[in-house]
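I have placed the structure first, in the form of structure tokens, so that the comments after it can refer back to it.
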Amino acid sequence: GEADTPLLDGEIVPTKNDANAYFASWHLDDGAWTPAVLSYALDGSSGTPAVIGQGSYPAATDTGALYAGSPDTSASTVLYGSLLAWDGSTSSTEFTVTSGEGNWGISGVWACGDRRAVCFSSDNADNGCYVGIWDGSFSTNSTWLHVASPSIVASMNESWLVWGSGSQSDNAGMYAYDFGSTAVKYLGSALGYSRPTIASESNTVLVPESDGQSAVTFHVGTLS
């Protein structure tokens with residue numbers, strides 16, 4: 001009943017390549033709100049953003065973007081049943097998600113160079129979430145990580161994946177996974193602001209610190 005655009009589930013971070021920026025939002029289509037991934041031409045040539053498909057959690061690649069599609073909006077938390085690849089003109093399916101027990105779906109997508117990471121969550125927060133790491137073609141899965149929080153906010157480059165629980169009040173710890181050594185490092189805790197960020201072309205990492213009450217401070221360092 002309001003003119004404002006509703007908020008999507010999760011924390012949607014803008015992502016870009018050399019040509020376009022990608023974002024996700026609820027989109028009003030024939031009077032109904034649907035989650036949609038939007039593409040913005042960085043040179044301003046398109047004038048308005050283009051809707052590339054129903055979905056969320058875009059991750060820019062060198063040739064386009066990956067995003068979670070096939071949204072299930074019937075439950076209180078929207079989960080996504082497929083991973084799609086956008087090449088600038090069409091979307092193709094990389095894989096779909098099926099689950100024998102409970103309701104599972106995609107809750108996060110990240111890409112950098114030839115690395116891909118996808119988070120899977122369920123409608124039961126007690127299950128935590130799982131993060132799969134693949135190569136760029138999704139032909140080889142190198143790692144599965146289980147995280148206690150029901151979803152994560154993450155950042156990655158070609159050497160590291162860093163993550164935290166975002167604004168959630170539980171599981172405020174932040175971690176880094178080294179693709180080379182497979183070691184997991186603890187980065188600290190930030191209650192209500194657990195979202196570390198790593199640079200795309202170096203191992204410089206920005207780590208927030210918060211006790212949930214005072215102002216957030218940031219520490220900048222290098223992972224090794």
Q: Would you check if Val37 and Phe23 make a side-chain contact, meaning some heavy-atom pair closer than 4.5 Å?
A: no
Q: Could you check if a side-chain atom of Leu145 sits within less than 4.5 angstrom of a side-chain atom of Trp163, using non-hydrogen atoms only?
A: yes
(Q) In this structure, is the centre-to-centre distance between the rings of Trp134 and Trp144 below 6.0 Å? (A) yes
Q) Do Val131 and Val184 belong to the same hydrophobic cluster, where Ile, Leu, Val, Met, Phe, Trp and Tyr are linked whenever their side-chain heavy atoms lie under 4.5 Å apart, directly or via other members? A) yes
Q: Rounded to the nearest 0.5 Å, what's the gap from NZ on Lys16 to OG on Ser200? Could you check?
A: 7.5 Å
Q.
Quick check: do Lys185 and Asp178 have side-chain heavy atoms less than 4.5 Å from each other?
A. no
Q: Taking the side chain as every heavy atom from C-beta outward, state whether Thr5 and Trp33 have any atom pair closer than 4.5 Å.
A: yes
(Q) I need the minimum non-hydrogen distance between Asn17 and Ala60, along with the two atoms involved. (A) N-CB, 3.7 Å
Q: Check whether any side-chain N or O of Asp135 sits under 3.5 Å from a backbone N or O of Thr140 as a donor-acceptor pair, and report yes or no.
A: yes
Q. Can you tell me how far the CG atom of Asp211 sits from the OG1 atom of Thr217, to the nearest 0.5 Å?
A. 9.0 Å
Q.
Restricting to non-hydrogen atoms, name the atom on Pro208 and the atom on Ala190 that form the minimum distance, rounded to 0.1 Å.
A. O-CB, 3.6 Å
Q. Taking side chain as C-beta onward, heavy atoms only, is Cys129 less than 4.5 Å from Ser121?
A. yes
Q. Using the benzene-type ring in the case of Trp, are the ring centres of Tyr130 and Phe120 under 6.0 Å apart?
A. no
Q.
To the nearest 0.5 Å, what is the distance between CH2 on Trp86 and OG on Ser91?
A. 5.5 Å
Q. Regarding Asn141 and Thr143, is there a side-chain donor-to-acceptor distance under 3.5 Å anywhere?
A. no
Q: Could you give me the CA-CA distance, side-chain angles and deciding distance for Tyr67 and Tyr57, then say whether side chain to side chain contact (heavy atoms under 4.5 Å, CB included) is met?
A: CA-CA 5 Å; Tyr67 66 97; Tyr57 303 109; over 6 Å; no
Q. Taking the six-membered ring where the residue is Trp, are the ring centres of Phe138 and Phe95 under 6.0 Å apart?
A. yes
Q.
Using side chain to side chain contact (heavy atoms under 4.5 Å, CB included), reason through Trp104 and Ser122 one step at a time and then give a plain yes or no.
A. CA-CA 4 Å; Trp104 287 81; Ser122 79; 3.4 Å; yes
Q) Hey, any chance Val207 and Phe218 share a hydrophobic cluster, counting ILVMFWY side chains that come within less than 4.5 Å of each other, even indirectly? A) no
Q. Do Val205 and Thr197 have side chains that get closer than 4.5 Å, going by heavy atoms?
A. no
Q) Are Leu7 and Leu28 connected in the hydrophobic side-chain network, where two residues link if heavy atoms are under 4.5 Å apart? A) no
**Q.** Trace of the side chain to side chain contact (heavy atoms under 4.5 Å, CB included) decision for Leu38 with Ile52
**A.** CA-CA 6 Å; Leu38 310 173; Ile52 67 174; over 6 Å; no
Q. To the nearest 0.5 Å, what is the distance between OG (Ser56) and CG (Leu8)?
A. 5.0 Å
Q) Using the benzene-type ring in the case of Trp, are the ring centres of Phe179 and Tyr177 under 6.0 Å apart? A) yes
Q. With Pro58, which of Val109, Leu84, Ile12, Val13 fulfils side chain to side chain contact (heavy atoms under 4.5 Å, CB included)?
A. Ile12
**Q.** Closest non-hydrogen atom pair between Met156 and Leu161, with its separation
**A.** CB-CD1, 3.7 Å
**Q.** Side-chain touch Ile106/Leu83, heavy atoms, less than 4.5 angstrom
**A.** yes
Q.
Between Val118 and Trp110, does the side chain to side chain contact (heavy atoms under 4.5 Å, CB included) criterion hold? Intermediate values first, please.
A. CA-CA 6 Å; Val118 182; Trp110 302 272; over 6 Å; no
Q: Using a cut-off of 6.0 Å, state whether more than 12 heavy atoms not belonging to Asp43 lie near its atom CG.
A: yes
(Q) Using the side chain to side chain contact (heavy atoms under 4.5 Å, CB included) criterion, which residues pair with Asn203? Sequence neighbours excluded. (A) Asn157, Ser159, Trp160, Ile198, Thr222, Leu223
Q: Working to the nearest 0.5 Å, report the span between CG of Asp9 and OG of Ser107.
A: 10.5 Å
Q) So do Ser165 and Ser194 actually touch side chain to side chain, heavy atoms under 4.5 Å? A) yes
Q: Mind checking the CZ-CD spacing from Arg116 to Glu94? Nearest 0.5 Å is all I need.
A: 8.5 Å
Q.
Does either side chain, that of Thr48 or that of Tyr40, offer a donor lying less than 3.5 Å from an acceptor on the other one?
A. no
Q: For a side chain to side chain contact (heavy atoms under 4.5 Å, CB included) with Val153, tell me which candidate from Met174, Gln168, Arg195 qualifies.
A: Arg195
Q.
Can a donor-acceptor pair be found, under 3.5 Å and without considering hydrogens, that links the side chain of Glu11 to the backbone of Ser167?
A. yes
Q. Has the side chain of Ser149 got a donor or acceptor atom that lies under 3.5 Å from a matching backbone atom of Ile152?
A. no
